[in-house]
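Chain identifiers are assigned alphabetically (A, B, ...) following the order of the sequence lines, protein sequences preceding nucleic acid strands; residue numbering begins at 1 within each chain.
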There are 2 protein chains.
Amino acid sequence: MGLTKSEIFTDEQNEIAAIAKVLGHPARIAILDYIIKLKSCVCGDLVKEIGLAQPTISQHLKELKKVGILKGTIEGTSVCYCIDDENWKEINNKLSKFLSKNPTESCC
Amino acid sequence: MGLTKSEIFTDEQNEIAAIAKVLGHPARIAILDYIIKLKSCVCGDLVKEIGLAQPTISQHLKELKKVGILKGTIEGTSVCYCIDDENWKEINNKLSKFLSKNPTESCC
DNA sequence: CCACTTAATCGTAATATTACAATAAATAAA
DNA sequence: TTTATTTATTGTAATATTACGATTAAGTGG
């Protein structure tokens with residue numbers, strides 16, 4: 001046990017969950033907040049800005065990249081992380097679609 | 001280690017993450033899908049509908065209740081779970097607000 | 001009261017996540 | 001080449017999550 005039974009859910013359910021899961025950590029929200037605020041790429045000052053060790057930030061960035069929210073381009077010795085606008089839109093659509101599913105009136 | 005350093009993030013960041021975290025499991029998405037689809041309360045047939053053991057479903061329901069997405073009312077020997085419409089709206093707003101933060105043009 | 005049904009809780013095993021020190025890899029600058 | 005600088009990776013400890021069997025709790029019907 002301890003392992004999610006993905007096989008019993010639909011692809012859509014697994015996908016929504018996977019996206020939400022990545023957004024389910026304050027460090028990753030903070031990283032996105034920071035990158036979005038600067039409106040441009042950000043490199044290793046995330047480590048200074050957010051109070052976490054460099055390997056930890058690197059790990060979080062990796063997860064954000066894995067679901068496609070971020071993309072990183074190497075710039076000399078540092079790496080520039082940005083929002084992947086296309087994917088962000090798609091992710092936004094998918095989550096919004098899910099969130100707008102609610103019936104107006106629940107029974108209890 | 002292994003414990004999230006919530007203190008170093010803003011309340012808003014922690015809140016968004018907490019909501020997303022709960023949505024970050026396909027079983028909980030499936031539960032919500034089912035409850036929303038029926039447009040009315042659902043009791044223990046979630047256990048039949050979704051292929052997970054009763055204690056597991058119960059655990060997931062508890063987490064959905066914890067962040068306020070669901071509310072459960074006892075009906076005789078069974079329990080009726082519904083979307084908490086007020087909270088759902090608020091959660092929708094908070095997530096939508098976060099997702100609409102993205103600048104139109106990223107740098108890389 | 002006694003069986004039955006339904007859901008919550010407890011205990012626990014398996015796995016995942018979070019965080020970081022240590023180290024490696026890769027480029028830049030001297 | 002050597003030395004910084006920057007980021008990724010590896011290894012690992014602490015904690016959290018997921019899932020479920022066993023049990024408990026609480027109501028229903030006989």
Side-chain angles (χ1 to χ4, degrees), chain A residues 1-9 13-14 17-32 34-35 41-67 70-82 108, chain B residues 1-9 13-14 17-32 34-35 41-67 70-82 108:
Chain A
M1 291 123 219
L3 130 160
T4 298
K5 290 186 165 179
S6 317
E7 335 82 65
I8 67 174
F9 305 108
Q13 287 165 345
N14 280 313
I19 294 166
K21 191 176 188 177
V22 170
L23 296 178
H25 194 287
R28 292 192 286 268
I29 297 295
I31 288 172
L32 292 175
Y34 190 68
I35 292 182
C41 304
V42 174
C43 328
D45 22 37
L46 282 165
V47 176
K48 288 174 221 151
E49 182 69 15
I50 302 169
L52 290 172
Q54 180 268 318
T56 309
I57 296 290
S58 199
Q59 213 172 351
H60 284 306
L61 287 168
K62 197 177 174 184
E63 294 197 62
L64 286 164
K65 245 192 337 188
K66 208 174 58 187
V67 292
L70 290 186
K71 51 185 174 181
T73 49
I74 299 166
E75 267 188 13
T77 167
S78 62
V79 176
C80 173
Y81 278 101
C82 321
C108 51
Chain B
M1 290 126 214
L3 131 162
T4 299
K5 290 187 163 179
S6 317
E7 335 81 64
I8 67 174
F9 306 108
Q13 286 165 346
N14 281 313
I19 295 166
K21 191 176 188 177
V22 169
L23 296 178
H25 194 287
R28 293 193 285 269
I29 298 295
I31 288 173
L32 292 174
Y34 191 68
I35 292 182
C41 304
V42 174
C43 329
D45 22 37
L46 281 165
V47 176
K48 287 174 222 151
E49 182 68 17
I50 302 169
L52 291 172
Q54 180 266 319
T56 308
I57 296 290
S58 201
Q59 212 171 350
H60 284 306
L61 287 169
K62 197 177 173 183
E63 295 197 62
L64 286 164
K65 246 191 338 188
K66 208 173 57 187
V67 292
L70 291 185
K71 52 186 174 180
T73 50
I74 299 166
E75 268 188 12
T77 166
S78 63
V79 175
C80 173
Y81 279 100
C82 321
C108 47

Worksheet item: B:Gln13: what forms a side chain to side chain contact (heavy atoms under 4.5 Å, CB included) with it, not counting sequence neighbours?
Response: A:Ile29, A:Ala30, A:Asp33, B:Phe9, B:Thr10

Practice prompt. Search all heavy atoms of B:Ala17 against all heavy atoms of A:Pro26 and return the closest pair with its distance.
Written response: CB-N, 3.3 Å

Practice prompt. Would you indicate, yes or no, if D:dT18 has its OP1 or OP2 atom less than 4.0 angstrom from a side-chain nitrogen or oxygen of B:Thr56?
Written response: no

Listing, residues 41-54 of chain A side-chain donor-acceptor contacts under 3.5 Å, not counting sequence neighbours, or none:
none

Worksheet item: Using a 3.5 Å cut-off on both pairing distances, which stems of three or more Watson-Crick or G-U pairs include DNA chain D?
Response: C:1-30 with D:1-30

Response to the item:
Rounded to whole Å, CD1 of B:Ile31 lies from P of C:dA7 at a distance of 12 Å

Worksheet entry | With B:Lys62 via side chain to side chain contact (heavy atoms under 4.5 Å, CB included) - residues at least two apart | none

Fill in: Evaluation steps, side-chain contact (heavy atoms from CB on, under 4.5 Å), between A:Val67 and A:Leu23
CA-CA 10 Å; A:Val67 292; A:Leu23 296 178; over 6 Å; no

Worksheet entry | Flag if over 12 foreign heavy atoms under 6.0 Å of CD1, A:Ile74 | no

Worksheet item: For nucleotides 5-11 of chain D, read 5' to 3', which letter fits each nucleotide if B means a protein heavy atom sits under 4.0 Å from the base, S means only the sugar-phosphate is that close, and - means neither?
Response: BSBBB--

Response to the item:
By nearest-heavy-atom nucleotide on DNA chain C, the more 5' of A:Lys21 and A:Ala53 is A:Lys21

Discussion item. If you assign each of A:His25 and A:Glu75 to its closest nucleotide in DNA chain C, which residue comes earlier from the 5' end?
Written reply: A:His25

Worksheet entry | Qualifying side chain to side chain donor-acceptor pair (under 3.5 Å) pairs with a residue from residues 18-29 of chain B, counting only residues at least two apart or across chains | A:Thr4-B:His25, B:Arg28-B:His60, B:Arg28-B:Glu63

Worksheet item: B:Lys48 has an atom NZ; how far is it from atom P of C:dT6, in whole Å?
Response: 7 Å

Worksheet item: Quick one: B:Leu64 CG to D:dT17 P, roughly how many Å, whole number?
Response: 14 Å

Fill in: Protein-nucleotide distance (B:Ile57, atom CD1; C:dT9, atom P), rounded to Å
15 Å

Item to complete: Let me know, please, whether B:Thr4 or A:Lys5 comes out on the 5' side of the other along DNA chain D by nearest nucleotide.
Response: B:Thr4

Worksheet entry | Distance (rounded to the nearest 0.5 Å) between B:Ile35 CD1 and B:Leu70 CG | 4.5 Å

Worksheet item: Are any of A:His60's side-chain N or O atoms less than 4.0 Å away from OP1 or OP2 of C:dT17?
Response: no

Discussion item. Tell me the interatomic distance from A:Glu63, atom CD, to C:dT17, atom P, rounded to whole angstroms.
Written reply: 7 Å

Worksheet item: Checking all strands, does B:Leu52 fall into the base, sugar-phosphate, or nothing category for heavy-atom contacts under 4.0 angstrom?
Response: sugar-phosphate

